[in-house]
Amino acid sequence: MDLWPPCAVCMRLEKAYDPSQIEPAWAEWWVQEGLFRADPESDKPVFSLVIPPPNVTGALHMGHMFETSQVDITMRWQRMRGRSVLWLPGTDHAGIATQMLVERHLAKSGIDRLEIGRDRFLEHVWDWKEHFGGRIVGQLKRVGASCDWTRERFTMDTGLSRAVTECFVRLWERGLVYRGEYMVNWDPGTRTAISDLEVEYSPKVGSLWYLRYPVEGSDGEFITVATTRPETMLGDTAVAVHPADERFRHLHGRSVTLPLVGRSLPVICDEFVDPEFGTGVVKVTPAHDPSDFAAGQRHGLKCITVLDEEARINSAGGQYEGLDRYKARARVVRDLEALGLVDRVEQYTNNIGRSQRSGLAVEPRVSTQWFVRTRTLAEEAIRAVEDGRTQIIPDQWQRNYFEWMRNIRDWCVSRQLWWGHRIPAWHLEDGSIVVARSEREAREQATRRGQQITHRETDVLDTWFSSGLWPFSTMGWPDDTEDLRAFYPTSLLNTGFDILFFWVARMMMLGLAMTGEVPFHKVFIHGLVRDADKQKMSKTKGNVIDPIKMTDQYGTDAVRFALVASAGQGSDVVLKEERIAGYRTFANKIWNALRFVGMSLEKAGADVWTPEDLARFEPLPDEETGVVSLADRWIFSRLRSVAEEANDAIEAFRYHEVASTLYHFFWHEFCDWYIELKKLSFRSGGGLTNGWKNMLAATERSLRLLHPVMPFITEDLWQRLTANTPGRARSIALSGYPQPREGDADPLAERDVGILQGLVTVTRNLRSELGLPVREVVQGTVHSHDQAVLEVVAGEGDALLKLAAARFQGSHGKAPAGHALAHATEFDLGLDLAEGRKQAVRDKLEKQLAPLEKAALRARRRLANPHFTGKAPARVVDSARATLADYESRIERIRGTLSAI
RNA sequence: GGGCGGCUAGCUCAGUUGGUUAGAGCGCCUGCCUUACAAGCAGGAGGCCACUGGUUCGAGUCCAGUGCCGCCCA
């Protein structure tokens with residue numbers, strides 16, 4: 001990439017940072033250069049992660065962006081600190097969602113999938129995938145996700161499909177897959193079974209109808225049943241009462257007649273009946289209600305299905321055949337009313353289960369489906385978390401995981417769809433089934449049984465079945481590959497709590513069952529991205545903030561920073577555009593700081609530096625005086641602390657802490673104090689002095705600290721800063737992450753800069769409170785008992801003049817009465833002022849006195865308490881004494897000043 | 001019905017094992033175009049840490065209860 005022709009100092013930057021000028025090019029360069037390619041042969045320690053594969057037809061939303069930002073921080077950090085990193089990207093075929101999308105698309109051109117047939121339809125879906133599948137991948141590249149794009153996978157790739165078949169066959173062979181007629185959640189919209197997890201419940205106000213069924217052999221006697229779904233009465237095969245319910249003892253062993261149909265229904269006794277609900281008598285419809293289905297099994301009742309795949313009444317519904325379930329309901333009620341069999345109707349609110357996909361009310365339906373037996377799989381998955389092989393962070397999610405796993409039900413994995421992994425089962429002439437890795441293998445099995453294959457199973461597998469294999473199917477399983485050996489189990493999974501059960505739990509179960517190992521050692525669960533009103537972002541609400549739009553407008557770095565800085569560990573992000581704009585100004589600050597450093601270096605005539613100059617850990621002394629400047633000692637010490645905090649925070653997934661630490665350091669320490677102090681020693685034409693070398697090293701190290709969080713601007717500036725440095729890394733992403741070294745701490749420098757900052761701040765404050773002209777140099781005296789303060793006053797006169805516009809004399813001891821105007825812990829400060837300012841001084845000091853006296857009173861009371869001095873640890877008591885002494889000293893000095901002026 | 005989380009400045013949120021006068025960003029007020037940045041600089045105001053009780057020498061932090069908000073499961 002030759003965006004930057006070599007120049008003496010490649011730092012002639014525009015005044016304002018414009019991310020759109022640099023980001024797309026760097027994003028492309030990172031991919032082209034293959035900087036993030038994983039090396040299975042590396043002997044470095046490994047850090048690996050697979051991306052939660054987004055839907056292949058999807059577009060990047062803020063949730064992806066948030067997750068990607070966090071992961072990218074971790075991955076770039078791991079890479080910079082010398083790990084062999086694999087970040088494996090890819091996409092998911094998203095069975096139902098994609099099939100619906102393509103069906104809708106085809107419908108617009110008047111094409112019906114049932115007319116064109118399975119094969120033609122699948123061709124259309126693949127076309128669609130080729131056409132739109134690249135979008136989200138391109139967006140991930142654009143926002144700088146440092147994935148190994150050479151390893152991109154898709155859940156329907158040949159290799160992954162083979163893994164799906166292999167897994168299914170192995171589960172079948174172990175008796176962990178079974179097929180049978182059971183009640184499942186049926187989505188009449190997509191006309192497929194769906195799993196329990198794909199049903200979303202919401203309360204809906206409806207009616208509770210009380211229907212009267214005539215008792216047989218007892219003329220004129222009725223029993224009344226309560227139901228929310230009168231149309232299902234067409235499929236009733238019994239009525240039930242609780243065995244201990246005395247009210248209905250006389251009905252035991254009797255029968256009733258089902259109105260409209262005329263069928264005779266036995267009265268059964270079963271404890272599933274709640275005597276408190278309705279009348280205490282319930283109609284039993286085994287084909288259309290889960291608990292009725294179970295009761296039907298217990299009592300050997302017939303199961304009469306009256307609804308078809310689209311929830312219309314079928315031929316078993318007699319005169320109602322062909323009616324939609326809601327129309328049928330109205331007709332049934334009307335007809336019963338006409339017969340006087342509707343006793344009454346009450347308003348009733350119940351929870352309606354809706355399909356996550358179609359939004360239609362789910363219909364409990366008996367059908368033949370494939371299930372994974374989950375109990376033993378779940379037990380192993382629970383154990384793996386209990387014994388710490390996999391750690392869930394933050395740990396509150398562990399409880400949810402255990403709770404769900406312990407109450408898990410068998411997993412319905414068959415879907416009546418076309419787009420997905422077709423179940424590797426073949427039907428034989430005698431109605432039996434073989435499960436096999438291939439049609440040939442199936443034929444062999446059939447032959448052994450003396451049978452012929454009639455056809456292959458038409459159902460496909462739940463999308464989450466293939467997603468459940470993702471951590472190892474993507475690395476070549478079931479073969480024993482180099483990647484699997486190097487990178488599996490993966491180190492970390494970063495994902496949202498919304499798919500903890502859908503995905504994480506299934507990966508745990510299938511991973512352990514197939515590979516004998518946990519799929520990942522740590523799971524970090526992040527929160528949701530919400531809008532400014534804390535609402536979930538959704539297309540239907542129209543409140544989505546498009547990450548790509550924000551990226552184009554403010555820069556990826558700003559969007560990433562806003563996302564990670566806005567969320568405490570594991571908590572939701574409330575995202576406002578102003579916040580993103582705020583971090584663009586931070587990027588601009590960095591840009592200008594580097595612009596200034598570059599310009600100044602150019603003026604100084606320094607243009608070439610060595611890697612050693614950049615990697616310096618100890619500041620160099622001034623060539624003439626042989627002394628290391630206070631500013632340099634201080635910034636090197638601060639860099640050490642910040643490196644420590646940043647490393648610790650990233651390691652522990654405290655991303656918001658990384659963000660705020662770096663933000664504060666760069667802006668309020670590096671820019672506000674370090675650069676300002678260094679300006680004092682800037683000279684033209686002096687070349688690359690030691691002072692410059694120190695600044696260069698500090699600047700470069702700051703960029704490296706920031707890189708994982710703000711990859712684009714730091715890459716760009718780092719490339720410019722090091723353009724003429726021989727032997728440097730190709731990219732900042734491949735340079736080292738700053739590590740704290742014990743010897744780099746300089747507590748004396750930190751103390752002295754603290755004093756300097758105190759003097760400057762107190763002076764500025766006085767200046768503002770007293771209304772002194774901003775740049776008028778004032779004279780004054782600093783009184784202190786502390787030798788360190790007097791040394792700073794004597795040694796940092798230039799800094800005080802520049803930063804506080806003041807010339808100070810040091811004076812040992814207390815200030816004479818009335819001379820000082822400000823009283824800090826370590827010093828009194830006096831300025832030479834005209835008389836007229838005295839009242840302002842008085843106001844200011846009196847304002848300070850009140851809270852100080854309150855605090856002193858509290859401290860005094862505490863120290864007077866013998867329980868405190870007796871029981872609290874000595875260090876706490878000592879520090880309380882010191883604090884009180886400080887309060888009292890300041891109060892006394894302020895009072896002294898007040899009475900003297 | 002069972003479970004989980006939250007309640008701290010006008011807004012969005014930090015606050016590690018209990019220990020000085022509770023922090024940040026944004027917003028607000030005042031003054032500055034100081035030779036990197038007005039997307040800037042300097043200064044400032046603003047808080048019964050939801051409520052009640054308890055443990056403790058000491059509670060935003062630990063315990064119990066109450067209220068409100070949100071989420072998950074049935």
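Predicted, not measured: the structure shown is a model, and the values here were computed from it. Chain naming here is simple, since letters A, B, ... match the order of the sequence lines and numbering starts at 1 in each.
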Between C1' on G3(B) and CZ on Phe497(A), what's the gap in Å once rounded to a whole number?
15 Å
Determine yes or no for a side-chain-to-main-chain donor-acceptor pair under 3.5 angstrom, with Arg560(A) supplying the side chain and Gln70(A) the backbone.
no
Rounding to the closest angstrom, what is the interatomic distance between G40(B) and G25(B) at atom P?
12 Å
When you compare C37(B) with C11(B), how far apart are their C1' atoms, in angstrom units rounded to a whole number?
27 Å
Have Tyr182(A) and Asp410(A) got a donor and an acceptor in their side chains that come within less than 3.5 Å?
no
Answer yes or no: is there an ion pair linking Arg229(A) with Glu363(A), defined by an N-O contact shorter than 4.0 Å?
yes
Looking at Tyr655(A) versus Phe66(A), is the centre-to-centre ring distance below 6.0 Å?
no
Please lay out, stage by stage, how Ile635(A) and Met695(A) fare under the test side chain to side chain contact (heavy atoms under 4.5 Å, CB included).
CA-CA 9 Å; Ile635(A) 202 69; Met695(A) 189 166 196; over 6 Å; no
Rounding to an integer number of angstrom, what distance separates U35(B) and C28(B) when you compare their C1' atoms?
31 Å
For the pair made of CD in Glu577(A) and P in G27(B), what is the distance, rounded to whole Å?
14 Å
Protein-nucleotide distance (Arg858(A), atom CZ; U20(B), atom C1'), rounded to Å:
10 Å
Separation between the C1' atoms of C7(B) and U12(B), rounded to whole Å:
14 Å
Going through the checks in order, is the ring-ring contact (aromatic ring centres under 6.0 Å, His included) test met by Trp667(A) and Tyr663(A)?
CA-CA 6 Å; Trp667(A) 199 316; Tyr663(A) 181 94; 5.6 Å; yes
How would RNA chain B look in dot-bracket form, 5' to 3', counting Watson-Crick and G-U wobble pairs with both distances under 3.5 Å and writing | for bases paired to another strand?
(((((((..((((.....[...)))).(((((.......))))).....(((((..]....)))))))))))).
Rounded to whole Å, CD1 of Ile499(A) lies from P of C73(B) at a distance of 14 Å
Can you check whether any acceptor in the base of U21(B) is under 3.5 Å from a donor in the side chain of Arg890(A), or vice versa?
yes
Considering only NZ, NE, NH1 and NH2 on the basic side and carboxylate oxygens on the acidic side, decide whether Lys802(A) and Asp798(A) come within less than 4.0 Å.
no
So that I can tick it off, tell me whether Glu386(A) and Arg406(A) are bridged by a salt bridge, with the cut-off set at under 4.0 angstrom between side-chain N and carboxylate O.
yes
Quick one: label Arg881(A) by what it contacts on the DNA or RNA (base, sugar-phosphate, nothing), any heavy atom closer than 4.0 Å.
nothing
Rounded off to whole Å, could you give me the CD-to-C1' distance for the Gln396(A) and G6(B) pair?
11 Å
Phe272(A) CZ - A74(B) P separation (whole Å)
20 Å
Regarding Lys678(A) and Asp632(A), does a basic nitrogen lie under 4.0 Å from an acidic carboxylate oxygen?
yes
Determine the interatomic distance between C1' on C62(B) and the same-named atom on U17(B); round to the nearest Å.
12 Å
Nearest-Å distance once atom C1' is located in both C29(B) and C63(B):
43 Å
Quick one, Ile590(A) with Thr714(A), criterion side chain to side chain contact (heavy atoms under 4.5 Å, CB included). Give me CA distance, side-chain angles, the key distance, then yes/no.
CA-CA 9 Å; Ile590(A) 299 172; Thr714(A) 52; 5.6 Å; no
Residues at least two apart in sequence or cross-chain that pass salt bridge (charged side-chain N to carboxylate O under 4.0 Å, His left out) with Lys522(A), listed by chain then number, are none
Should the pair Glu769(A)-Lys844(A) be classified as a salt bridge under the 4.0 Å nitrogen-to-oxygen rule?
no
Give the rounded distance in Å between these two atoms: CD of Gln398(A) and C1' of G3(B).
16 Å
C49(B) to U61(B) separation - C1' atoms, rounded to the nearest Å:
10 Å
So Pro873(A), base contact, sugar-phosphate only, or nothing? Heavy-atom distance under 4.0 Å.
base
Could you go step by step and tell me if Arg807(A) and Val777(A) meet the side chain to side chain contact (heavy atoms under 4.5 Å, CB included) rule?
CA-CA 7 Å; Arg807(A) 289 184 214 281; Val777(A) 176; 4.1 Å; yes
Glu379(A) bridged to Arg375(A) by N-O distance under 4.0 Å
yes
Side chain to side chain, Gln553(A) and Arg584(A), heavy atoms closer than 4.5 Å
no
Provide, to the nearest angstrom, the distance between the CZ atom belonging to Phe868(A) and the C1' atom belonging to A59(B).
14 Å
Report each atom pair, protein N/O against N/O of nucleotides 53-55 of chain B, whose distance is under 3.5 angstrom.
none

Interatomic distance at P, A9(B) relative to C4(B), whole Å
26 Å
I want to check something: taking the side chain as every heavy atom from C-beta on, are Asp886(A) and Arg890(A) in contact at a cut-off of under 4.5 Å?
yes
Would you find more than 12 non-hydrogen atoms of other residues, nucleotides or ligands less than 6.0 Å from Arg409(A) atom CZ?
no
Sugar-phosphate only, base, or nothing, as touched by Ala880(A) at under 4.0 Å among non-hydrogen atoms
nothing
Protein proximity profile, nucleotides 34-44 of chain B - base contact B, sugar-phosphate-only contact S, no contact -, cut-off 4.0 Å on heavy atoms:
B-BBSBSSSSS
Remember a base hit wins even if backbone is also touched, and classify Leu852(A) as base, sugar-phosphate or nothing at under 4.0 Å, heavy atoms.
base
Electrostatic pair Arg860(A):Glu888(A) at N-O distance under 4.0 angstrom:
yes
Could you list all N or O pairs between the protein and nucleotides 13-17 of chain B that sit under 3.5 Å apart?
unit_1, atom_1, unit_2, atom_2, d
C13(B), OP2, Lys534(A), NZ, 3.4
A14(B), OP1, Ser571(A), OG, 3.1

Give me, pair by pair, the N or O atoms of the protein and of nucleotides 7-11 of chain B that are less than 3.5 Å apart, along with how far apart they are.
unit_1, atom_1, unit_2, atom_2, d
C11(B), O2', Lys576(A), NZ, 2.6

